[in-house]
Protein chains: 2
Amino acid sequence: MRILIVEDTTDVAEAASASLGRAGFACDIAPTLADARACADITGYAAIVLDLNLPDGSGRDFLRERRRAGDLTPVLVLTAQFSVEDRVGALDEGADDYLVKPFDLRELEARLRALTRREAGRAENRVRLGSLDFDAGAQSLRVGGAAVTATRRELALLNLLIANRGRIMPKERLFDGLFGFENADVGTNTIELYVARLRKKLSGSGVVIETHRGLGYRLDLDG
Amino acid sequence: MRILIVEDTTDVAEAASASLGRAGFACDIAPTLADARACADITGYAAIVLDLNLPDGSGRDFLRERRRAGDLTPVLVLTAQFSVEDRVGALDEGADDYLVKPFDLRELEARLRALTRREAGRAENRVRLGSLDFDAGAQSLRVGGAAVTATRRELALLNLLIANRGRIMPKERLFDGLFGFENADVGTNTIELYVARLRKKLSGSGVVIETHRGLGYRLDLDG
DNA sequence: GCGCGGATGACAGCTTCATGACAGCTTGGC
DNA sequence: GCCAAGCTGTCATGAAGCTGTCATCCGCGC
């Protein structure tokens, strides 16, 4: 799950990025509207966190542009405490949620999870599939009732595959979801590596990750 | 979810009550410290909204009393815009959050939700897990029947971990739970330190604190 | 059988965590 | 007020294990 953070205050952006990173999101930071446009044009995001006060204009312009262009990526707007006008305006222009600064990082994380979950058509964080039990909020994974430990990357990959269950996911897409721009030089072999590691941990769960040569991977129930 | 609003300005109190009522909270209003004490003695609250300027004294006195009595109900303090002294003092005395007047009702609602959610998942103060017996109200800890002394910080950490038993808690989250805004410059290493100290005291209790690298810590029964 | 995309074991680098020692500060007793 | 005791948080050092690369092997599809 890749998130774009459009925020010019370095401290805030990096704190959010670190926190969301732990929660399994891969984050890109754009300190200006121009950067945000560039990022959004290059790749797709599961959600966008958008500050309204930016050095080269208002985030509302960016939001309006994207919506006009038919982009439905969920947007969470960050607003100053007293700018009720901005907040309401942003919602009218298609923002999906807002948070008043200063905000709690947990709140941001919870809301982003809600937004991205809504997109995947899932009602709750917890998913049961075969004998597999995955809770994205608690970062917990069980196979046949037994707790299975998994690393951050493994969980992020599983999350992506489950969110797109039954669909073939191109390797590039998985790559984009796992790594931000700062990790662009990572070899694509890495995806294969993590698929293998995940498969080992999911064995016996009734859930399989199928390989589709030249196309990508698909997670689904066995058989 | 029942909330106590300690506030003498009728307009503000009633507006807040109405707004929170719509958000699903049941509110009691106490315009004086005396009323607040009476209410708090009669029933428990999911959270307390506390104005510091009251006709019969400072809300800080009330807050200090409750904390001394072992009451851990989340308290959100309302302060005037420029009374930094009061704000910091209140946080030191155990307030969980503050809001500067005039505030937006939606913000109050969001913060209360955050406070009560943090507290959720625990019906009573006393928790028994393995041979561990922890009473958050009395701040007492027993392992295998024997009393174990623990410091304030250690107990706070244990409290947080137990309230989120079975869930992986990111270090930031534990940090937020242990330190207020005024301690923002404390190194995150501190969490690791207290985890180590706690582990020593919990050894042999059947309860363990697992490390999940890059994700956080999780408390659960051993095995 | 051949070629190419994928699978997988081994490994080194590096981030993250564990832990003992220590100094500053707070608190409580006198 | 002073002193002692203990709580707190910093630092440094070493361990642990996650991460991604490489090399090699596999097997599908032609």
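Below, chains carry the letters A, B, ... as their sequence lines are ordered, and counting in each starts from 1. What's counted below: heavy atoms across the whole structure, side chains too, no hydrogens, waters or symmetry copies.
- Straight-line distance from the CG atom of B:Leu215 to the P atom of D:dC18: 10 Å, rounded to whole Å.
- Here the straight-line distance linking atom CD1 of A:Ile191 with atom CZ of A:Arg153 works out to 9.0 Å at 0.5 Å rounding.
- Annotation: side chain to side chain donor-acceptor pair (under 3.5 Å) contacts of B:Arg167 (sequence neighbours excluded): none.
- Taking five base pairs at each end of the helix from C:dG1-D:dC30 to C:dC30-D:dG1 and finding the rotation axis that steps the C1' atoms of four pairs onto the next four gives two axes whose angle is 40°, to the nearest 10°.
- For B:Thr32, the side chain to side chain donor-acceptor pair (under 3.5 Å) partners are B:Asp35, not counting sequence neighbours.
- Nucleotide D:dG17 holds its P atom 13 Å from the OH atom of B:Tyr217, rounded to whole Å.
- For A:Asp8, the side chain to side chain donor-acceptor pair (under 3.5 Å) test picks out no residue, with sequence neighbours left out.
- Between the side chain of B:Ser205 and the backbone N or O of B:Ser131, no donor-acceptor pair lies under 3.5 Å.
- In this structure, the CZ atom of B:Arg153 is 9 Å from the C1' atom of D:dG9, given to the nearest Å.
- Evaluation of the side chain to side chain donor-acceptor pair (under 3.5 Å) rule for A:Thr9 yields A:Glu7 as partners, not counting sequence neighbours.
- Note on residues 213-223 of chain A: pairs passing salt bridge (Lys or Arg N to Asp or Glu O under 4.0 Å), not counting sequence neighbours, are A:Arg165-A:Asp220, A:Glu210-A:Arg218.
- Judged as a side-chain hydrogen bond (donor to acceptor under 3.5 Å, both in side chains), the pairs with a partner in residues 46-58 of chain B (not counting sequence neighbours) are, in order, B:Asp51-B:Lys101.
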Side chains of residues 195-204 of chain A: which donor-acceptor pairs under 3.5 Å do they make with residues two or more places apart or in other chains?
| residue | atom | partner | partner atom | Å |
| --- | --- | --- | --- | --- |
| A:Arg199 | NE | A:Ile209 | O | 3.0 |
| A:Arg199 | NH2 | A:Ile209 | O | 2.7 |
| A:Arg199 | NH2 | A:Thr211 | OG1 | 2.7 |
| A:Lys201 | NZ | A:Thr149 | O | 2.9 |
| A:Lys201 | NZ | A:Glu154 | OE1 | 2.9 |
| A:Ser203 | OG | A:Lys200 | O | 3.2 |

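- Looking at A:Asn159, its side chain never comes within 3.5 Å of a backbone N or O of A:Leu155 through a donor-acceptor pair.
- Legend: residues meeting side-chain contact (heavy atoms from CB on, under 4.5 Å) with A:Ala47, ordered by chain and number and at least two apart, are A:Ile3, A:Pro74, A:Leu112, A:Thr116.
- At a threshold of 4.0 Å, the pair A:Arg22-A:Glu109 does not count as salt-bridged, since none of the basic side-chain nitrogens sits closer than that to a carboxylate oxygen.
- Of the residues in residues 191-201 of chain A, those placing a heavy atom less than 4.0 Å from an atom of DNA chain D are A:Leu193, A:Tyr194, A:Arg197, in numerical order.
- Both A:Thr211 and B:Thr211 lie near DNA chain C, and the one whose nearest nucleotide falls closer to the 5' end is A:Thr211.
- Between A:Phe175 atom CZ and D:dT19 atom P the separation is 14 Å, expressed in whole Å.
- The span of DNA chain C lying next to chain A, judged by atoms under 4.0 Å from heavy atoms, is bounded 5' to 3' by C:dG5 to C:dG9.
- Comparing D:dG20, D:dG9, D:dC18 by their closest approach to the side chain of A:Thr151 singles out D:dC18.
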Could you write out each protein N or O paired with an N or O of nucleotides 23-28 of chain D at a distance under 3.5 Å?
| residue | atom | partner | partner atom | Å |
| --- | --- | --- | --- | --- |
| D:dG27 | N2 | A:Arg213 | NH2 | 3.3 |

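- We find that A:Asp176 and A:Arg173 are not joined by a salt bridge, their nearest charged nitrogen and carboxylate oxygen being 4.0 Å or further apart.
- Regarding B:Glu210, its CD atom lies at a distance of 16 Å from the C1' atom of D:dA16, rounded to whole Å.
- Nearest-nucleotide assignment on DNA chain D puts the 5′-proximal partner with B:Thr190, out of A:Glu154 and B:Thr190.
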